[in-house]
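What follows is a single structure, written as structure tokens, with notes after it.
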Amino acid sequence: MLSKKEILDVLKSKDIPKDLLEEAFKVRKFYSGYYVYLRALTEITNICRKSCFYCGIRKENASLKRYYLKFDLINKLFTNIKKLGYSSIALQGGEIFSEKHYFFLYKLIKLAKDKFNYEITISFGELPKDVLEKLYFLGAKRYLLRFEIISPKRYYLFHYKDKFHNYENRIKTLVLLKKIGYQVGTGNLIGLPFTFIKDLYKDILFIKNFKPDMVGIGPYIPQKNTPLFNYLTKGINIFSEKERFLLTLKLIAIFRILLKTSNIVASTALITLGTKFYPLEKVLNLAFKCGANVIMPIFTPSENKRLYSLYEDKYFSEHEKFYFAVKNSDFIPVLDRYGNPLSYYIRNQKSCKL
Ligand code: SAH
Ligand code: SF4
């Protein structure tokens with residue numbers, strides 16, 4: 001187990017400490033071997049009712065063309081994804097509160113489950129309780145919802161304090177997702193301006209205690225049409241790109257050691273920053289050695305993909321490129337097995353396949 005001092009020393013060190021990497025890799029090999037589970041990601045809409053200060057698809061970004069994928073098109077995507085051999089998919093989008101949106105999501109989950117028998121991850125923000133319950137009942141068993149930053153004071157540096165942006169509701173939704181039975185994925189946004197190592201330490205403690213089945217963390221990357229970008233240009237950013245990249249890798253290693261069996265995603269944002277310094281294979285190899293065991297190639301059609309612009313220069317992680325990059329990074333890409341985390345499997349042995 002890592003002590004507070006050990007974690008703070010790791011976070012402050014210039015590089016990834018060798019003994020941290022060795023320990024994380026040892027734990028990873030014991031529980032996941034060299035396997036990396038691929039989830040086919042479709043970003044179904046860039047419409048969002050919120051205006052998080054860091055996010056490029058925030059409602060107040062009036063210059064962005066909005067899209068909402070059609071059912072038939074998603075059906076075709078699902079068919080292609082199946083042909084490639086995937087057993088797990090992920091669906092993501094902005095937060096929308098409307099009956100029409102909920103019914104569309106129900107229809108999609110039914111399609112994904114009944115026709116394709118996918119294991120489904122969803123990520124659509126803080127939806128109402130009855131909607132979350134129904135989506136679970138229809139077959140979506142995994143939910144990704146980052147808390148972003150655990151200090152409430154800091155949370156409101158990046159969000160308005162209004163009925164759409166409510167810290168308590170975010171945390172309450174996380175707890176609710178667990179109670180409903182979802183495999184819950186959560187995490188933080190690493191290296192936001194005006195944040196410090198001590199904030200990261202608090203985030204780590206929360207995750208350690210919450211014990212999520214999945215960890216989804218990533219570095220903050222500025223986006224031109226957001227209020228935070230202006231602060232960046234004024235030189236107020238505290239962590240450099242390289243620091244945010246290394247901090248994310250260090251957090252992955254810390255979570256692998258602390259949580260052992262949870263799935264950890266090598267996020268697109270991590271790959272976006274990492275490939276500014278190293279080739280893709282090297283970035284993946286580093287992330288996997290630190291303990292990441294999931295990646296999510298993006299299947300959103302290319303014209304929509306460009307509009308799902310959470311941050312600048314987002315890496316377009318196509319299937320083939322990723323599949324071979326995982327192989328070339330000396331790990332084993334897995335499509336046909338669900339890759340459910342051991343912790344979740346133990347809790348749900350009757351209904352869950354590994
Ligand atoms: N609307 C949903 C899901 C889509 S956003 C939600 O917010 O939960 C998914 C994630 O993108 C967010 O949790 C946030 O952490 C991340 N994100 C948004 N803007 C970002 C940025 N500028 N840099 C890096 N990640 C960002
Ligand atoms: Fe909307 Fe999610 Fe972006 Fe916030 S982070 S503006 S909720 S898409």
Side-chain angles (χ1 to χ4, degrees), residues 41-69 92-96 123-125 144-149 154-162 164-165 170 187-196 199-200 216-248 265-278 280 283 296-318 321:
L41 172 68
T42 307
E43 296 141 335
I44 74 156
T45 178
N46 66 353
I47 300 171
C48 189
R49 68 176 193 149
K50 284 186 161 173
S51 274
C52 307
F53 295 177
Y54 40 79
C55 179
I57 69 171
R58 61 202 303 272
K59 185 173 186 207
E60 286 175 356
N61 180 6
S63 64
L64 182 68
K65 194 177 146 207
R66 304 286 167 167
Y67 73 86
Y68 195 105
L69 296 185
Q92 197 184 67
E95 189 174 294
I96 302 175
S123 177
F124 293 104
L144 289 177
L145 185 77
R146 291 184 180 170
F147 57 84
E148 318 292 2
I149 184 155
R154 297 259 187 270
Y155 186 86
Y156 287 116
L157 286 179
F158 309 108
H159 303 94
Y160 295 120
K161 204 168 191 173
D162 62 12
F164 296 138
H165 309 80
R170 192 117 187 133
N188 58 345
L189 200 42
I190 297 165
L192 284 160
F194 317 110
T195 65
F196 303 91
D199 296 306
L200 286 178
I217 56 175
Y220 161 67
I221 304 176
Q223 209 279 351
K224 283 197 188 97
N225 300 312
T226 60
L228 267 199
F229 190 78
N230 298 327
Y231 289 112
L232 183 84
T233 49
K234 284 179 197 147
I236 298 177
N237 206 40
I238 295 158
F239 299 105
S240 68
E241 281 187 340
K242 188 72 178 273
E243 281 168 335
R244 278 176 273 144
F245 171 62
L246 288 177
L247 277 171
T248 308
V265 187
S267 62
T268 308
L270 174 72
I271 291 161
T272 300
L273 271 196
T275 47
K276 291 190 178 192
F277 307 105
Y278 305 108
L280 177 62
V283 175
M296 307 210 287
I298 303 177
F299 281 79
T300 314
S302 47
E303 63 274 27
N304 306 104
K305 199 153 66 173
R306 272 182 293 107
L307 298 171
Y308 200 80
S309 45
L310 303 174
Y311 44 83
E312 295 300 316
D313 303 324
K314 193 169 148 203
Y315 193 90
F316 291 148
S317 43
E318 270 106 21
K321 197 168 176 185

Next item on the list: Report yes if the side chains of K50 and C55 come closer than 4.5 Å at any heavy-atom pair, otherwise no.
Entry: no
Note to self: In the structure I gave you, are the side-chain heavy atoms of L270 and P219 within less than 4.5 Å of one another anywhere?
What the structure shows: yes
List the residues meeting salt bridge (charged side-chain N to carboxylate O under 4.0 Å, His left out) with [X], not counting sequence neighbours, and say none if there are none.
| X | value |
| --- | --- |
| K321 | none |
| R49 | E95 |
| R170 | E126, E148 |
| E243 | none |

Notebook entry, point to check: Does E312 come within less than 4.0 Å of K224, counting only side-chain N to carboxylate O?
Noted result: yes
Sequence neighbours left out, what passes side chain to side chain contact (heavy atoms under 4.5 Å, CB included) with [X]? Give chain and number order.
| X | value |
| --- | --- |
| Y156 | K161, N166, Y167 |
| T275 | I271, L280, V283, Y315 |
| K242 | S240, L246, F277, Y278 |
| N225 | N61, S63, Q223 |

Item checked: Inter-residue atom distance F239.CZ - T248.OG1, 0.5 Å rounding -> 10.5 Å
Note to self: Tell me the closest heavy-atom pair linking F229 and P222, and the distance in Å.
What the structure shows: CD1-CB, 3.6 Å
Notebook entry, point to check: What closest approach, in Å, do G216 and R146 show between heavy atoms, and which atom pair accounts for it?
Noted result: O-NE, 2.9 Å
Notebook entry, point to check: Quick one: ring-ring contact (aromatic ring centres under 6.0 Å, His included) partners of Y160, sequence neighbours excluded?
Noted result: F53, H165
Item checked: F299: ring-ring contact (aromatic ring centres under 6.0 Å, His included) partners, not counting sequence neighbours -> Y86
Next item on the list: Could you give me the CA-CA distance, side-chain angles and deciding distance for S267 and I217, then say whether side chain to side chain contact (heavy atoms under 4.5 Å, CB included) is met?
Entry: CA-CA 7 Å; S267 62; I217 56 175; over 6 Å; no
Notebook entry, point to check: What pairs with N304 under side chain to side chain donor-acceptor pair (under 3.5 Å), at least two apart in sequence or on another chain?
Noted result: none
Checklist line | Which residues share a side chain to side chain donor-acceptor pair (under 3.5 Å) with Y308, sequence neighbours left out | finding: Q92
